[in-house]
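Just below is one structure, and these are the notes that go with it.
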Amino acid sequence: MANLRYSKGLLISDTYAPNLKWNERGKIYIGYGKDYFDVMRYFNDSEIEVKDTVLDLLPFPQVKEIDNLRDYQRDAVEKWYASKRGVVVLPTGAGKTLIGLKAIEKCRVASIVVVPTVDLLYQWAKSVEEKMGVKPGIVGNGENQVRGITVITYDSLYTKAEELGNKFGLMVFDEVHHLPSEGYSQAAMLFASPYRLGLTATPEREDGRHRLLPSLVGPVVFRLTVDKLKGKYVSDFEVKRIYVELKEDEEERYAELRGKMSLYLKRKKLRLSSLKEFKRLVFLASREKEGREALLAWQEALRIAVNSRSKIDKLREILGQTEDGDKVIVFTRDTFMAYDISKEFLIPAVTYKTPKEEREEILRKFKDGEYKVIVTSSVLDEGVDVPDANVAVLMAGYGTRRQFLQRLGRVLRKKEGKNAVLIELVTKNTSDHGLSSRRRKNVPV
DNA sequence: TTGACTCAACATCCTTTGCTACAA
DNA sequence: TTGTAGGTTTCCATGTTGAGTCA
């Protein structure tokens, strides 16, 4: 007979199982909470009788049944339910929340929903209340009520892991691509919850840590791309790319800065052919003056490329051609550009510096149609409830697929009559071109 | 309760077209 | 001649957020 128990994020066993390590001092086997599922499966498969006191679940409340799922949502839930572990990948606006709620309802076990922002904390809480008819617990943003269904932020998950780690049978990770980062993944490892569901539009990460997802949550069990939903469930859309050229003075400065950087790289025999080599440059920048200057030159050159004044001219043209009823969101890469555009065109800007109340007011007026155009840096990319728009103008951005798809998602909510359009402005013969092709790589649009 | 502030954590950061020494 | 490896780190800057602290 094996004895398996839980203490402060760890599994403790007197009998061997894979994933558990022998601890000489305590004369016991120890593992992470997350391995509970595999350890139990091993004991069951090996027909080892086990006294299991790991989970101490909170009672699950009486909930309303969730119906009105779209066919692909039902399909996603079924695929996940077969193993009760795994990641569902769906584009922004395709209704991931409903899939999470349906999973909770089907499992009928105490559940914890993990979200990256306070905005999402309350959005989820509202959905649970409306669709399931129960008030969920909320942990985060200064609140701390734990219930049979609880919504929590990733940051609070970390501090509460030892206390709550064996209270929930199911964990739902919203925007699960955040989970593999160093701190958050530690928190997830301390939880013993055997059932796990991850929701995201883009699981892949620039740092490659998405490789941890199968062990933290499970494999991708369902994936649907935007083009499959186009027209029926999300707006019909088109992506336009408009190329511009640097102004003469910008071109001169750009060449000067790139030259300065190249010279240094040549001297150091660096080629910047990979992220690793780029990190090497960052390292050198912390050690020697020339390195720092080279990196600063690279940064300034990039800023010139992505923020060329030609793009402002083009934006003027685009805004001049919009029709009645169009709603436009202009996306930039940095706050300078957002504020420059705001001043130039007299349109409201939303950045991380915008106070919460002011941000809410701008978004409300945009929703009501009082504002037709707003400009934003990257605050509205994720985790914020942004009113629908039908035109997105990408002045500049990162070279990541994720940001591109998130921004596209901002114009995809189905609206009658209006087709959506995403216009990307790209500066020719500069690193902006490279960023643009990188972010569109493997994007089915 | 709120507001202002600080701090820590997370994310991005690259693609060339070009080197150079050495082993097979 | 042709092909391939070559040296490998806690962080230049900026953007963004949640939590904690203190008045």
Glu163(A) bridged to Lys8(A) by N-O distance under 4.0 Å: no

Toward the 5' end of DNA chain B, by each residue's nearest nucleotide, Gly397(A) or Ser185(A): Ser185(A)

Under 4.0 Å between any heavy atoms, over every strand shown, what does Tyr184(A) touch: base, sugar-phosphate, or nothing? Just pick one. sugar-phosphate

Select base, sugar-phosphate, or nothing to describe what Leu435(A) touches, counting heavy atoms under 4.0 Å on all strands. sugar-phosphate

Between Trp298(A) and Phe278(A), does the ring centre distance come in under 6.0 Å? yes

Take Leu120(A) and Glu175(A) through the test side-chain contact (heavy atoms from CB on, under 4.5 Å) and record every step on the way to the result. CA-CA 10 Å; Leu120(A) 285 170; Glu175(A) 310 287 4; 4.2 Å; yes

Touch check for Gly291(A), heavy atoms < 4.0 angstrom, all strands: base, sugar-phosphate only, or nothing? nothing

For nucleotides 6-16 of chain C, give me one character per nucleotide, 5' to 3': B if any protein heavy atom sits under 4.0 Å from the base, S if the only such contacts are to the sugar-phosphate, - if neither. BBBSS-BS-SB

Hey, would you say the Tyr154(A) and Tyr184(A) ring centroids sit under 6.0 Å apart? yes

Looking at dT1(C), which nucleotide sits across from it as a Watson-Crick or G-U wobble partner, both distances under 3.5 angstrom, or is there none? dA24(B)

Rounded C1' spacing from dA21(B) to dG7(C) in Å: 14 Å

Go along nucleotides 18-23 of chain C 5' to 3' and tag each nucleotide: B for a protein heavy atom under 4.0 Å from its base, S when only backbone or sugar atoms are that close, - otherwise. SS----

For Tyr6(A), does the OH atom have more than 12 heavy-atom neighbours from other residues, nucleotides or ligands under 6.0 Å away? yes

Whole angstrom value for the distance that separates C1' of dT12(B) from NE2 of His210(A): 16 Å

Rounded to whole angstroms, how far apart are OH on Tyr158(A) and C1' on dC10(B)? 13 Å

Would you mind reading off the distance between Leu263(A) atom CG and dC19(B) atom P, rounded to a whole angstrom? 16 Å

Base, sugar-phosphate or nothing for Arg267(A)? Non-hydrogen atoms, less than 4.0 Å. nothing

Could you check whether Arg205(A) pairs with Asp207(A) (Lys NZ or Arg NE/NH1/NH2 to Asp/Glu carboxylate O, under 4.0 Å)? yes

Interatomic distance at P, dC14(B) relative to dG6(C), whole Å: 25 Å

For Phe173(A) and His178(A), I'd like to know if the aromatic rings sit close, meaning centre-to-centre distance below 6.0 Å. no

How many whole angstroms separate atom CG of Asp207(A) from atom P of dC14(B)? 15 Å

Under 6.0 Å from the NZ atom of Lys84(A), do we count more than 12 heavy atoms belonging to anything else shown? yes

Distance between the P atoms of dC13(B) and dT9(C), in whole angstroms? 23 Å

Is the centre of the Tyr72(A) ring less than 6.0 Å from the centre of the Tyr233(A) ring? yes

Test side-chain contact (heavy atoms from CB on, under 4.5 Å) applied to Asp56(A) and Lys167(A), step by step: CA-CA 5 Å; Asp56(A) 177 22; Lys167(A) 305 279 184 233; 3.0 Å; yes

Atom NE2 of His433(A) to atom P of dT15(B): distance rounded to whole Å? 13 Å

Tell me which of Ser431(A) and Lys266(A) sits closer to the 5' end of DNA chain B, going by the nucleotide each one is nearest to. Ser431(A)

Would you say dA9(B) has OP1 or OP2 under 4.0 Å from some side-chain N or O of His178(A)? no

Between P of dT17(C) and NZ of Lys356(A), the distance in whole Å: 11 Å

With P as the reference atom in both, quote the distance from dT15(B) to dA5(C) in angstrom, rounded to an integer. 22 Å

Taking only heavy atoms on the protein side, list every residue of residues 252-261 of chain A lying under 4.0 Å from any atom of DNA chain C, sorted numerically. none

Is Arg402(A) salt-bridged to Glu382(A), cutoff N-O under 4.0 Å? no

Please report the distance, rounded to the nearest Å, between CG in Leu284(A) and C1' in dC13(B). 15 Å

If we take the P atom in both dT8(C) and dT12(B), what is their distance in whole Å? 27 Å

Electrostatic pair Glu204(A):Arg223(A) at N-O distance under 4.0 angstrom: yes

From CZ of Arg209(A) across to P of dA11(B) the rounded distance in Å is 9 Å

Do other residues, nucleotides or ligands put more than 12 heavy atoms under 6.0 Å from the CG atom of Asn429(A)? no

Give one of base, sugar-phosphate or nothing for Gly434(A), where a contact means two heavy atoms less than 4.0 Å apart. nothing

